[in-house]
**Student:** 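Okay, here's the structure, questions in a sec.
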Amino acid sequence: MAAVTALRSSCRTAGRLTGASEDRAADPPSKHDTHADLPPPLSPPGRRLPRAGGRAVPELPSPPPLSLPGRLSPPCRSPTRDGARAARQPAPSVPRDPRFGITGVLFSGSSKKIISKFYSFALLEVCIHRVRSCSGIRFIKSKYVCVFDKSALKFSHQQRLFRTSAVSCGQIVQFKLSDIGEGITEVTVKEWYIKEGDSVSQFDSICEVQSDKASVTITSRYDGIIRKLHYNLDEIAYVGKPLVDIEIDASKGVSPEEDVVETPPMSHEEHTHQEIKGHKTLATPAVRRLAMENNIKLSEVVGTGKDNRILKEDILNYLAKQTGAILPPSPKAEIIPPLPKSETVPAAPKDRAHKIPVPVSRPIVFSGKDKTEPITGFQKAMLKTMSAALKIPHFGYCDEIDLTQLVQLREELKPLAQIRGVKLSFMPFFIKAASLGLLQYPILNASLDESCQNVTYKASHNIGVAMDTEQGLIVPNVKNVQVSSVFEIASELNRLQSLGSAGQLGTNDLSGGTFTLSNIGTIGGTYAKPVILPPEVAIGALGKIQVLPRFNGKGEVFKAQIMNVSWSADHRIIDGATMARFSNLWKSYLENPASMLLDLK
Amino acid sequence: MVLQASLKNCLQLSCILRTPKVGFRSTTSGSLIIQSTSDDVYQNLAVEDWIHDHMNLENRQVLFLWRNSPAVVIGRHQNPWQECNLRLLRQKNIKLARRRSGGGTVYHDLGNINLTFFTSKKKYERMENLKLVVKALKALRPQLDVHVTDRYDILLDRHYKISGTAAKLGRTTAYHHCTLLCNADKFVLSSVLKSPYKGIKSNATPSVPASVKNLFEEDPSLTCEMLLDAIAEEYATQHQTDHHITLINPADETVLPGINNKTKELQTWEWVYGKTPKFSVSTCFNMVYKDSVLDVKVDMDVKHGRIEVCNIDLPEQWLPPAVCSELVKSLTGSKFCPNETTTLAATLLRVCPQDAELQSRWNLLCENMIMLM
């Protein structure tokens, strides 16, 4: 406790000292100049900080519960970025930069080593809070600005949190085009991945530039919001000159105090360095909990943090070594930034899901977003067709067909067709039988004109076959089935199928259909309710072939190959009786394939 | 035998390739030579992406050797309609891929070898890599007249291009890849790389056509395997590493986690065609219909591979204006792709008045429109 009170007083000192140095700043005035009206500094939820006069002095904040994304500065950023950051680095808890320690020492005077480290953390919290209240801690900021201008690539992800949060809000930094190598001085901007107003995180791709056969992806060095693009597409950009302006760490997204969720406050002890089993292991409570859940002795884990602090990554590494598990590589957002974020956000809580008892008041965070896209291409085609089909009053008629004999026949004929280079499925038989039926009931192969005055009986039986391709539904048709043999139909089907899957069907193949069959049974299903494709007047949907028990003429049960058919027809010109008789005829041809021979032309 | 893959090397590679970049603390720092077991252009390009994204190349360099079954590979910022004969590609089942590096269009087949030099961004040095290749060739066949030009091409006999180069630089890593013509089909090469599409105005990177020659024509005893081996040997010597070529299977998720997603992404329409920089098509064609010849003028703006603006100028009343405007409306927003246009055209035919004359005119117009894509 004594340590804590010492800390508190030091914090106050720190606060005052940093406040005093503001006068020395020589920067453009920030938007929020008054420190009298400071909004209370942000803190992890559950902690309401007292307003102490004009200066808010924070109590020692404790790290937020593990479930919240982001650690020391949770509410300042938009949820997606939080999630992204949480996804990218699981749980760095304390900064490793010795600079922070030095800053601490500057102010603490006679503090012990432990307290100074902790204190630097606290000091940082102070800085963060003060900065967030936008009073502009210039001197701290200038330190960090130096840091930015050096190669920021040296810093690990963990430090990024602190660095960005310590800079005052609304500062616009000009991100210059860095050296590309080989003495290149100018490049052409080929593609922008972001636009003005977008928020970016460090290492997000900003643009693609090209120079003499080399394509370079420029990634952001900062977190912030893009304020200006200095070049348009195909313009020449110069190395060393500004590429974009980024507003760093804007204060939007700061949740007001009122939204703080009440969770039981954590005791100070949990935050201090604990002695466990005689070893002094440094780790935050979150890391300890993870170790405990996985039955890992912290003493056995090699800490890679500052002063051998154990980080969550160390626990995971340790686990990986134990189980030989492969660590997922860090997702690099090169092409489509949002995609890897959404993939990895669920990964973090998943592995703890069955270990931690869920606290009652935990808010459920779901960072998925609705996606709206215009309807184009195949979907548009289907939309137009089906909207037109709405005008047709449909009626349905279903039946079941015993294909036992047909199955046998096909087995015999398949090798013969194979020799001729054609794959024989059931469809050619269904199509030919349908054509034979249409000869007897030509009204099913007709078309009703726009004004519903005349019916045109089509001479050709161009039977359409619904095909499911990668892009969607497409219905090519086999022309003149009435004069084609089963084999010819089969080879034509082969041709249409290969063209369809390659996306190379022509308009001729896709137009002129008069009747359609849809073999949805290859995917599954029994009965369906197909929609007629205008300008046709009938359609049939074929279910899957199932082996079912049926009674034969002698009353014995036998194994039958049963398929269901569902017809739909235009009730303006076709009546139920016609459909039923057509279906019966079609059924009789298929149940007794030899009878087709009688009527083949 | 060129392809030596000891089990030890495989394991080593899998450990190396598996460890994420952030936590990479391996003690081995030798350079690596790997060869792909696949000839699928998408898988091989995905391997390049994977190494670029996931390997730590601070202290090591990697040479990746690969060959592809017939494919046309366009540069990152190129326009496939300008660069190659897409109709011919579709007919001959030749794949089209867009790589992530810049540069021009190349034709790959099994008679062409590809070399990718992976380094950290600081050690990115294309000239050195190409000089290495030339040195290897000269060591193999001293009488070959090969040299590197300023444009990073390798010329044979001072005149024929046998290698083209492209490069990609990321945040910390970079790669430089180049081709080498050993025994490719020059006839197919020249026919697919000739674009029949007219009236395209675009800021996409153009390719510089060059006369090419196969090394095989210069010396019929050369094979791809010999070239690969020679280059690997030279690389091993220069980088003081074992002349051991480790084989990798670009479909193996355990060695290259996440590789199949990368492969899929490279095959999507959005990547191959959708990444084309904005361009416009302004052309006219003649249609012969029943003893009369009609002039049709078409203007289209295509962005992200989709038709943004479409304008068709037909002779007066040849098609009912309602039908024509329906076509234009449907095309707007849809992909600049023959398959989609065909489907849309067929659909529109269904819902417009059923008149044989109208239908045949419509079909004729649509066929011609599709020829533009």
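Order of the sequence lines fixes the chain letters, A, B, ..., with proteins taken first and strands second; residue numbering starts at 1 for each chain. Hydrogens, waters and symmetry mates are skipped; everything else that's a heavy atom, side chains included, is used.
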**Student:** Please state whether the side chain, the backbone, both or neither of A/Ile218 comes within less than 4.5 Å of a heavy atom of chain B.
**Tutor:**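 Contact with chain B: none, neither part.
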**Student:** Tell me, out of A/Gly377, A/Gly506, A/Ser211, A/Pro374, who's got the most heavy-atom pairs with chain B below 4.5 Å.
**Tutor:** A/Gly377
**Student:** Checking heavy atoms, do the side chain of A/Ile474, its backbone, both or neither come under 4.5 Å from chain B?
**Tutor:**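 For A/Ile474, the contact with chain B is made by the side chain alone.
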**Student:** Taking side chain as everything from C-beta outward and backbone as N, CA, C, O, which of these in A/Pro535 sits under 4.5 Å from a heavy atom of chain B? Side chain, backbone, both or neither.
**Tutor:**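 Both backbone and side chain.
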**Student:** Relative to chain A, which of B/Leu348, B/Leu349, B/Leu344 shows the most heavy atom pairs under 4.5 Å?
**Tutor:**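 Most pairs with chain A among the choices: B/Leu344.
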**Student:** Taking atom types as modelled, find out whether B/His77 and A/Glu208 have a side-chain donor-acceptor pair closer than 3.5 angstrom.
**Tutor:** no
**Student:** Taking every non-hydrogen pair under 4.5 Å, which of B/Thr341, B/Val351, B/Thr347 racks up the most with chain A?
**Tutor:**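 Option with the greatest count: B/Thr347.
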**Student:** What is the ring orientation for B/Phe118 with B/Tyr175, classed by angle as parallel under 30°, tilted 30 to 60°, or perpendicular over 60°?
**Tutor:** tilted
**Student:** Side chain from CB out, backbone as N, CA, C, O: work out which of these in B/Ser330 comes under 4.5 Å of a heavy atom of chain A, or both, or neither.
**Tutor:** both
**Student:** Measure distances from A/Asp509 to the heavy atoms of chain B and classify the residue's part below 4.5 Å as side chain, backbone, both or neither.
**Tutor:**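 Neither part, no heavy atoms under 4.5 Å.
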**Student:** Heavy-atom pairs under 4.5 Å with chain B: which of A/Leu533, A/Leu233, A/Thr456, A/Leu505 has the most?
**Tutor:**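 Winner by heavy-atom pair count: A/Leu533.
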**Student:** For the interface with chain A, which of B/Ala174, B/Ser334, B/Gly102 has the highest count of heavy-atom pairs at distances below 4.5 Å?
**Tutor:**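 The candidate making the most pairs under 4.5 Å is B/Gly102.
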**Student:** Using a 3.5 Å distance criterion without hydrogens, assess whether the side chain of B/Trp50 forms a donor-acceptor pair with backbone atoms of B/Pro257.
**Tutor:**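 Yes; at least one donor-acceptor contact below 3.5 Å.
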**Student:** Can you tell which of B/Cys366, B/Ala167, B/Gly164 has the highest number of heavy-atom pairs within less than 4.5 Å of chain A?
**Tutor:**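 Looking at each option in turn, the highest pair count goes to B/Ala167.
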**Student:** Could you look at A/Asp234 and say if it's the side chain, the backbone, both or neither that has a heavy atom under 4.5 Å from chain B?
**Tutor:** side chain
**Student:** What I want to find out is whether A/Asp212 reaches B/Arg126 closely enough, with some N-O distance under 4.0 Å, to be called a salt bridge.
**Tutor:** yes
**Student:** Between chain A and each of B/Met127, B/Arg151, B/Lys122, count heavy-atom pairs under 4.5 Å; write down the option with the most.
**Tutor:**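 If we count pairs closer than 4.5 Å to chain A, B/Arg151 comes out on top.
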**Student:** Applying salt bridge (charged side-chain N to carboxylate O under 4.0 Å, His left out), run through B/Lys161 and B/Asp153 and close with a yes or a no.
**Tutor:** CA-CA 7 Å; B/Lys161 184 168 167 180; B/Asp153 293 334; 3.6 Å; yes
**Student:** Using a 4.5 angstrom heavy-atom cutoff, name the option from B/Gly104, B/Ala204, B/Pro277, B/Gly103 with the most pairs to chain A.
**Tutor:**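 Heavy-atom pair counts peak at B/Gly103.
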**Student:** Does the side chain of B/Lys168 come under 3.5 Å of the side chain of A/Thr217 through a donor N or O and an acceptor N or O?
**Tutor:** yes
**Student:** Okay, side chain of B/Gln78, backbone of B/Gly75: is any donor-acceptor separation there less than 3.5 Å?
**Tutor:** yes
**Student:** Does the distance from a Lys or Arg side-chain N to an Asp or Glu carboxylate O, for B/Glu265 and B/Lys262, drop under 4.0 Å?
**Tutor:** no
**Student:** Which answer fits B/Gln359, side chain, backbone, both or neither, if we ask what part of it has an atom under 4.5 Å from a heavy atom of chain A?
**Tutor:**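 B/Gln359 has no heavy atom closer than 4.5 Å to chain A.
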**Student:** Less than 4.5 Å to any heavy atom of chain A: does that hold for the side chain of B/Ala345, its backbone, both, or neither?
**Tutor:**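 Interface part for B/Ala345: side chain.
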**Student:** Just checking, any donor-acceptor pair under 3.5 angstrom between side chains of A/Asp449 and A/Asn454?
**Tutor:**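 A/Asn454 and A/Asp449 do have a side-chain donor-acceptor pair below 3.5 Å.
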**Student:** Answer with yes or no whether the side chains of B/Asn260 and B/Glu253 bring together a donor and an acceptor at under 3.5 Å.
**Tutor:**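 B/Glu253 vs B/Asn260: donor-acceptor pair found between side chains.
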**Student:** Hey, which of A/Lys384, A/Met382, A/Glu450 has the most heavy atom pairs under 4.5 Å with chain B?
**Tutor:** A/Lys384
**Student:** Do side-chain atoms of A/Asn232 reach the backbone of A/Glu235 as a donor and acceptor pair under 3.5 angstrom?
**Tutor:** no
**Student:** Which one, A/Gly472, A/Pro534, A/Ser447, A/Gly512, leads in non-hydrogen pairs under 4.5 Å with chain B?
**Tutor:**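 Top option by heavy-atom pairs under 4.5 Å: A/Pro534.
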**Student:** Among A/Val189, A/Val187, A/Leu177, which residue satisfies the side-chain contact (heavy atoms from CB on, under 4.5 Å) criterion with A/Tyr231?
**Tutor:** A/Val189
**Student:** Quick one: what part of A/Glu470 sits under 4.5 Å from any heavy atom of chain B, side chain, backbone, both or neither?
**Tutor:**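 No part of it gets close to chain B.
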